[in-house]
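Reviewing the structure listed below.
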Amino acid sequence: MECYISCARLFFVLLSLFLFYHQKHYFCPAENQLISTLKGSLMKKKNILDRLNDKQRVAVEQIEGPIMVLAGAGSGKTRVLTYRVAHLINQGIDPMNILALTFTNKAAKEMKERIINLVDNKNARNVWMGTFHSIFARILRIEGARLGYPSHFTIYDTEDSKRLMKAIIDENQLDNKIYIPNYVLNRISSAKTSLVTSSSYNQNPEFITYDKMTAKPKIGLLYSLYQNRCFKASAMDFDDLLLNTFILFRDFPDILYKYQQKFMFILVDEYQDTNFSQYMIIKKLAANNENICVVGDDAQSIYAFRGATIKNILNFKNDYPDLKTIKLEENYRSTKTIVNAANSIIVNNKEQLSKEIWTNNESGNKISLIQATTDNEEGTLVANSIFEHKMNQQLKNDSFAILYRTNAQSRAFEEALRKLNIPYKIYGGLSFYKRKEIKDLLAYIRLVINNNDEGALVRAINFPSRGIGKTSLQKIIIASEEQNKSLWQVIEQMPKQSLTISTATQNKIATFVTMIKSFSVQLNSKNAYALGREIASTSGILKTLYEDQSPEGFNRFENIEELLNAIKDFSEKDQGNIPIGGDIENEFRGLAEFMQDVALLTDADTSNKENPDHVSLMTVHAAKGLEFPFVFIVGIEENLFPSIQSLNSIADLEEERRLFYVALTRAQKKVTLSYTENRYRWGNLTLAEPSRFIDEIKVDLIESPQKASIHLSKTKGFGGTNKKITQANFLSHSRKKLKKLGDLSNQTNESIIGDEMNNLQTGMLVAHQRFGKGKVINVDGAGPNRKATVFFPNIGQKQLLLKFAKLKIIKSE
DNA sequence: ACCGTATTCAGCGCG
DNA sequence: TGAATACGGT
């Protein structure tokens, strides 16, 4: 819980950083160092190439023609990509003519920063670097008119899609037990990924027979209805961004030609995780120049379950006969032990390209194995082990990561780390922009930008509640279906409609319409922040949350303020700081421009500005592309890792194995595996046995299990480099550290209330950041739930959770 | 319209 | 187990 809130704050800190390039990358200390070194020693063009090994160098220097780089884990893949772009720019290529597609926004942003630091060219930021979705969303905003979309089209997130699909299933009186919204959406998604439109779906024997076989013959119909509804709302879902780009290029050769000319050089990162539609788009774009460089590692393909296919790597050879393939096989990241362990795992996969990863690094520590009795004990043992490593080797928290297969496993580790006052951060989980209050305000903003946005309208009209209920909305939806209009078009022409809605309700709707219109007209003239605030207050969102006396309500209020602050930051910065690409004519930084960034932003772009020194907790999937000195891979049990769902097919099991390979290769110095004999799953205790993956690691690379709990007195040294610490020494040392840790923990987890707050008593005068001075009326609750009732003369009585409210005691009596 | 209770479901998740 | 949603009563 606490994490969400710190996440929330962080998210927008990060959002602003994302937008303005002030971001530091915490996970790549080596590269970071490199950058500062380079900056300091006035980079010259030829120095770039000196930093590469022979193979990397070929991959960077061979700028013309098709190139495929098969880059093993830790082999400097990112460096090849960044240096290649830098090299292109140094060769005089206009950055505007370079297209670089990445897997995440974060990767794009980090790479771009590095490139800007590598080259002495102010225009370097104009490289079109971003995810497939963000790049093609941009192109669709420019060219979408050809397909009948306005440039301000909405991008539906998965929640919008689900809401819409539910509604459609309902409206068509289909059984939502048979037509489960998520299932239907998955079918549609895989169709779109295969470039099958709704009309071709209904003629596609493969899809039709499958749906008949599974007794869901109406899916094709639902697909059509869904597409129609999205189109009326001027909305695209994530898959549409790719599908529509493909259609655009397929049906409008002039546009395809334009972008083929523009993108003279194309680079694709994480090629093993691209799907068919991405493959086809790339193929089209590169068809003219064939200056295309793809980088990937088939051994790290872990997203087949959502449509990615390594066929793209195999097909690549067929598409470009004069393809040059380069294998990067030297690992710079990990110890010999880790590299060998990873190799001994991956050979068990039948389907793979031949590659032999090796390293010149030291042998390092053996892989440790922790055996626990219960999942809680697993948490404790891992946390203790982290603590022990820290103490013995004087390490920071950010040297450690705990990786798990499923998010549900995180709890035991959180609790154990909290007990030891070790700051941690959970990556993944509920992100800021998915919070209700944020989505509420964003819904208004979306509606103001795109009146036809159905998802936004349904949300906004319901909150704050204004007496327009389900029944009225249902009538509006029916009318919109009958007339093939958007919901907005129906309510805008309300008086002309013969709807069976009471005059009172009609008046309420009319008021709502007028309000939204009054915002819309200001969109292109008013400052984003001013308009955002006006929307937040006029809509009643601020007021409603303000009047909510509960601590949660207070928090929501704060989150809205946080969002408004982010908008303010955005609007105040001058243009030229556009996150992706650069040759954009639009210099006005209004709300619409802000929203274009937000729609495609995710939590993966977070890191911790307030206290970067934390242990990272995340799924193995989320860890892709990251590295840590010490990695704990937990829950290495049959039916969990490999997952029980993967045991039906060899292909799935092989993907699990690749996933385990990815997990291992995140580590630089040491890997610790853990498993438990008993695990709570869905409320009941189940027996667990060690994963087959443990047996697949060569025996000489792994230690036999450590069983009993680790106590301070049992501390042993690790490896050669650390200094020996006598027991007495260690204890006194650890006490100091403990205290320091407590302080840090206080910042990150917000779980410990400062000493001062423990002394808070009724009658004291306190100061609050926003509410000003007030008097404490009551204090109750304990630990993280400790809260105070404070009377603020100007505002009134407020209940504040002490762990969130940054109260200062002014006067004790 | 809203709230408390019953029921359901449970894998990883880029954008 | 626990969260997220559906239901049903006021």
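The chains referred to below are lettered A, B, ... by the order of the sequence lines, with proteins before strands, and numbering in each begins at 1.
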> In terms of the angle between their ring planes, are A:Phe316 and A:Tyr271 parallel, tilted or perpendicular, with boundaries placed at 30° and 60°?
Replying inline: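 Because their plane-to-plane angle is over 60°, the rings of A:Phe316 and A:Tyr271 count as perpendicular.
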>> For A:Asp375, give me all partners under side chain to side chain donor-acceptor pair (under 3.5 Å), at least two apart in sequence or on another chain.
In response: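 Applying side chain to side chain donor-acceptor pair (under 3.5 Å) to A:Asp375 gives none.
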>> Return the CD1 to OG1 distance between A:Ile178 and A:Thr214, rounded to the nearest 0.5 Å.
In response: 11.0 Å
>> I need the single residue from A:Asp160, A:Asp157, A:Asp440 that forms a salt bridge (charged side-chain N to carboxylate O under 4.0 Å, His left out) with A:Arg459. Which is it?
In response: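 Single pass found, and it is A:Asp440.
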> Among B:dA10, B:dG13, B:dG15, which nucleotide sits nearest the side chain of A:Tyr303?
Replying inline: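 Minimum distance to the A:Tyr303 side chain belongs to B:dG13.
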>> What's the closest nucleotide to the side chain of A:Arg411 if the choices are B:dG15, C:dA3, B:dA10?
In response: C:dA3
> When you compare C:dT5 with B:dC12, how far apart are their P atoms, in angstrom units rounded to a whole number?
Replying inline: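 The same atom, P, in both gives a distance of 16 Å.
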>> I'd like the C1' distance from B:dG11 over to C:dA6, given in whole Å.
In response: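 Those two atoms are separated by 24 Å.
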> For B:dG15, does either OP1 or OP2 sit under 4.0 Å from a side-chain N or O belonging to A:Asn105?
Replying inline: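 Yes, within the criterion.
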>> Using OP1 and OP2 only, check whether a side-chain N or O of A:Asn684 sits under 4.0 Å from C:dT1.
In response: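 For C:dT1, neither OP1 nor OP2 has a side-chain N or O of A:Asn684 closer than 4.0 Å.
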Which of [range] sit near DNA chain B, with a heavy atom under 4.0 Å from it?
range: residues 233-242 of chain A; answer: A:Phe238, A:Asp239
range: residues 154-184 of chain A; answer: A:Thr158
range: residues 631-660 of chain A; answer: A:Ser643, A:Gln645, A:Glu656

Between [X] and [Y], do the side chains contain an N or O donor and an N or O acceptor separated by less than 3.5 Å?
X: A:Gln409; Y: A:Thr406; answer: yes
X: A:Tyr279; Y: A:Thr309; answer: no
X: A:Thr274; Y: A:Asn312; answer: yes
X: A:Glu637; Y: A:Ser691; answer: no
X: A:Glu689; Y: A:Tyr675; answer: no
X: A:Ser134; Y: A:Thr131; answer: yes
X: A:Lys192; Y: A:Gln227; answer: yes

>> For a quick check of understanding: with a heavy-atom distance under 4.0 Å over all strands, which category does A:Phe305 fall into, base, sugar-phosphate or nothing?
In response: base
>> Under 4.0 Å, heavy atoms only, any strand: does A:Arg405 hit a base, just the sugar-phosphate, or nothing?
In response: base
Whole-Å distance between [N] [atom2] and [X] [atom1]?
X: A:Tyr271; N: B:dC14; atom1: OH; atom2: C1'; result: 17 Å
X: A:Asn407; N: B:dA10; atom1: CG; atom2: P; result: 15 Å
X: A:Glu414; N: C:dG2; atom1: CD; atom2: P; result: 13 Å
X: A:Phe132; N: B:dC14; atom1: CZ; atom2: C1'; result: 11 Å
X: A:Leu403; N: B:dC12; atom1: CG; atom2: P; result: 14 Å
X: A:Asp269; N: B:dC14; atom1: CG; atom2: C1'; result: 13 Å

>> Does A:Arg306 contact B:dC12 through a side-chain donor or acceptor facing the base, at a distance under 3.5 Å?
In response: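 Flag unset: no donor-acceptor pair detected.
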> How about A:Tyr680: does its OH atom have over 12 heavy atoms from other parts shown lying under 6.0 Å from it?
Replying inline: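 No.
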> Would the number of heavy atoms belonging to other residues, nucleotides or ligands and lying under 6.0 Å from NZ of A:Lys436 be above 12?
Replying inline: yes
When you compare the protein's N or O atoms with those of nucleotides 1-7 of chain B, which come within less than 3.5 Å of each other, and at what distance?
unit_1 : atom_1 : unit_2   : atom_2 : d
B:dA1  : OP1    : A:Gly469 : N      : 3.4
B:dC2  : OP1    : A:Ser465 : OG     : 3.4

> Does the side chain to side chain donor-acceptor pair (under 3.5 Å) test come out yes or no for A:Thr505 and A:Ser502, once each step is laid out?
Replying inline: CA-CA 5 Å; A:Thr505 310; A:Ser502 71; 2.8 Å; yes
> With A:Lys162, which residues qualify under salt bridge (Lys or Arg N to Asp or Glu O under 4.0 Å), at least two apart?
Replying inline: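 None.
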